[in-house]
Participant: 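Quick one: the structure is below, and I'll ask about it shortly.
Just so it is clear, the model here is predicted, and its values are computed rather than measured. Residues take their numbers from the sequence shown, with the count starting at 1.
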Amino acid sequence: MSESAGKISRRERKRAEIVAVAEKVFFTEGYAGASMAEIAARVGGSKGTLYNHFRSKEELLLAVIAAVQARRMPQGAGAPPEEATRDEAAFRAWLRRFGADNLARLTSYELLSLQRLAVAEAVRMPEVGRACYEGGVAPAFAKFSPMFAAAMRKGLIRRAPPEQAAEHFLELCLGWRARKVLWGLEDPPSADEIAAQVETAVAVFMDGYAVR
C-alpha cells in the first residue's frame, strides 16, 4: 500500500469512528442535546479533529443518517420475482417474509431512533427528512415495487401503480403498532407478534387487491 493510500485509509477509519460515536450521542441525547465537544471527548480528540472531517454538526448528522441507512437497508426477502409470483400461495409467502422483515427493521432501535431524529429536526432542517426519504425509503420502494408489478402481470392481484401497492401493503403491516412503538408507548413487537400482524396484513391486502 502506498503512503497516500495509507493516509486515506486512516482518515476514513477516523471518520467512521466519529460517525459511530456521534450516532450513539445523537440517539441518546437528541440532536439539540448533543454537542460536538461531547462527541470529540468520546472519540478521544478535540473539536478540531471533528471539524477536520465534518464542517458542522448538521453535516455529521447527515453522515450518521447515511451510515444507519446503509446498515439497515431492506434485504431481498427471499425468492426472485419469477419464483415468488409463481402462484398465489408463493406470492402470499413472499408477502409474509417481506412484511415481517420490514416491520422488524422499522421497529429496530436504529431506525426508530433515526425516525425520531428526523421528525424532531425536519422542520428546522428539511435536508434531514430529505436524506431519510431519498437514502432509505425511495430506494426500498424502487427495489421492491417490481415484485408487485410481476404479481399484477401474472394476474395474482389487480393492476395498480406498483409502488402504491407496495406502500399500501407496508402501511397495513406497520399500522398504529409501529407508531405506538415510535412514540414509546409499546415495546417493539416480538417475532410472534410480527407474524400475527403481517398475516392479517396479507389477508387484507390480497382481498383489497383481488382481481375483480
Side-chain angles (χ1 to χ4, degrees), residues 14-43 45-75 98-99 101-145 161-189 194 197 201:
K14 175 57 70 174
R15 180 183 173 90
E17 180 187 357
I18 293 169
V19 170
V21 170
E23 179 183 319
K24 293 183 173 65
V25 176
F26 285 140
F27 284 0
T28 56
E29 305 295 332
Y31 178 78
S35 71
M36 294 294 267
E38 179 182 0
I39 294 169
R42 293 199 189 189
V43 170
S46 66
K47 286 198 294 183
T49 301
L50 266 60
Y51 287 114
N52 282 336
H53 294 268
F54 302 96
R55 291 170 295 180
S56 64
K57 188 167 77 164
E58 290 89 346
E59 185 176 289
L60 179 53
L61 174 60
L62 293 176
V64 167
I65 291 172
V68 173
Q69 288 176 327
R71 193 167 67 242
R72 298 294 296 176
M73 275 296 286
Q75 302 303 308
F98 176 59
D101 287 350
N102 278 277
L103 181 52
R105 189 175 62 86
L106 291 169
T107 54
S108 67
Y109 172 75
E110 296 98 325
L111 289 188
L112 283 173
S113 299
L114 196 59
Q115 291 173 75
R116 289 167 181 151
L117 272 174
V119 170
E121 301 301 327
V123 172
R124 191 181 67 82
M125 295 171 56
E127 60 269 32
V128 171
R130 187 161 51 248
C132 287
Y133 182 80
E134 294 179 353
V137 177
F141 278 119
K143 183 175 184 178
F144 291 111
S145 293
E163 186 168 312
Q164 180 185 78
E167 179 181 335
H168 286 166
F169 177 65
L170 285 178
E171 285 298 319
L172 287 170
C173 290
L174 299 173
W176 282 98
R177 180 63 175 274
R179 290 176 177 85
K180 289 177 182 178
V181 175
L182 180 64
W183 297 335
L185 301 177
E186 293 185 4
D187 292 329
I194 288 173
Q197 182 154 327

Participant: Flag the pair Cys173 / Asn102 as yes when at least one side-chain heavy-atom distance between them is below 4.5 Å, and no otherwise.
Facilitator: no

Participant: According to salt bridge (Lys or Arg N to Asp or Glu O under 4.0 Å), does anything in residues 169-178 pair up with another residue at least two apart or in another chain? List the pairs.
Facilitator: Glu171-Arg179, Arg177-Glu186, Arg177-Glu193

Participant: State the CG-CZ distance between Asn52 and Arg15, to the nearest 0.5 angstrom.
Facilitator: 12.0 Å

Participant: Can I get a per-line list of side-chain donor-acceptor pairs under 3.5 Å for residues 126-142, giving both atom names and the distance, sequence neighbours left out?
Facilitator:
none

Participant: Just jot down the side-chain contact (heavy atoms from CB on, under 4.5 Å) partners of Arg124, sequence neighbours excluded, or say none.
Facilitator: Tyr31, Glu58, Glu121

Participant: Among all residues two or more places apart in sequence or in another chain, which pass the side-chain contact (heavy atoms from CB on, under 4.5 Å) test with Ala37?
Facilitator: Ser35, Lys47

Participant: Please lay out, stage by stage, how Gln69 and Leu114 fare under the test side chain to side chain contact (heavy atoms under 4.5 Å, CB included).
Facilitator: CA-CA 9 Å; Gln69 288 176 327; Leu114 196 59; 4.1 Å; yes

Participant: Would you list the pairs meeting salt bridge (Lys or Arg N to Asp or Glu O under 4.0 Å) in which at least one residue belongs to residues 16-25, sequence neighbours left out?
Facilitator: Lys14-Glu17, Glu23-Arg71

Participant: Not counting sequence neighbours, which residues clear side-chain contact (heavy atoms from CB on, under 4.5 Å) with Ala165? List them please.
Facilitator: Phe148, Met152, Phe205, Tyr209

Participant: What pair of heavy atoms forms the shortest contact from Tyr51 to Ser56, and how long is it?
Facilitator: CE2-CA, 4.1 Å

Participant: Between Ile18 and Leu60, is there a side-chain heavy-atom distance shorter than 4.5 Å?
Facilitator: yes

Participant: Determine which pairs satisfy salt bridge (Lys or Arg N to Asp or Glu O under 4.0 Å) with at least one residue from residues 26-43, sequence neighbours left out, and list them in order.
Facilitator: Glu38-Arg42

Participant: Please name all residues satisfying side-chain contact (heavy atoms from CB on, under 4.5 Å) with Leu174, sequence neighbours left out, ordered by chain then number.
Facilitator: Leu103, Leu106, Ala178

Participant: Check the pair Val68, Leu111 against side chain to side chain contact (heavy atoms under 4.5 Å, CB included), reporting the backbone distance first and the verdict last.
Facilitator: CA-CA 8 Å; Val68 173; Leu111 289 188; 3.8 Å; yes

Participant: Got a sec, which residues hit side chain to side chain donor-acceptor pair (under 3.5 Å) with Glu163, two or more places apart in sequence or on another chain?
Facilitator: none

Participant: Can you check whether Trp176 reaches Trp183 side chain to side chain, under 4.5 Å on heavy atoms?
Facilitator: yes

Participant: If you measure from CE on Met36 to CZ on Phe54, what distance do you get to the nearest 0.5 Å?
Facilitator: 8.0 Å

Participant: Could you check if a side-chain atom of Lys57 sits within less than 4.5 angstrom of a side-chain atom of Leu50, using non-hydrogen atoms only?
Facilitator: no

Participant: Give me each pair satisfying side-chain hydrogen bond (donor to acceptor under 3.5 Å, both in side chains) with a member in residues 110-120, each pair once, sequence neighbours excluded.
Facilitator: none

Participant: Taking the side chain as C-beta and beyond, is there a heavy-atom pair between Ile65 and Phe26 under 4.5 Å?
Facilitator: no

Participant: Less than 4.5 Å apart, any side-chain heavy atom of Leu170 and any of Phe98?
Facilitator: yes

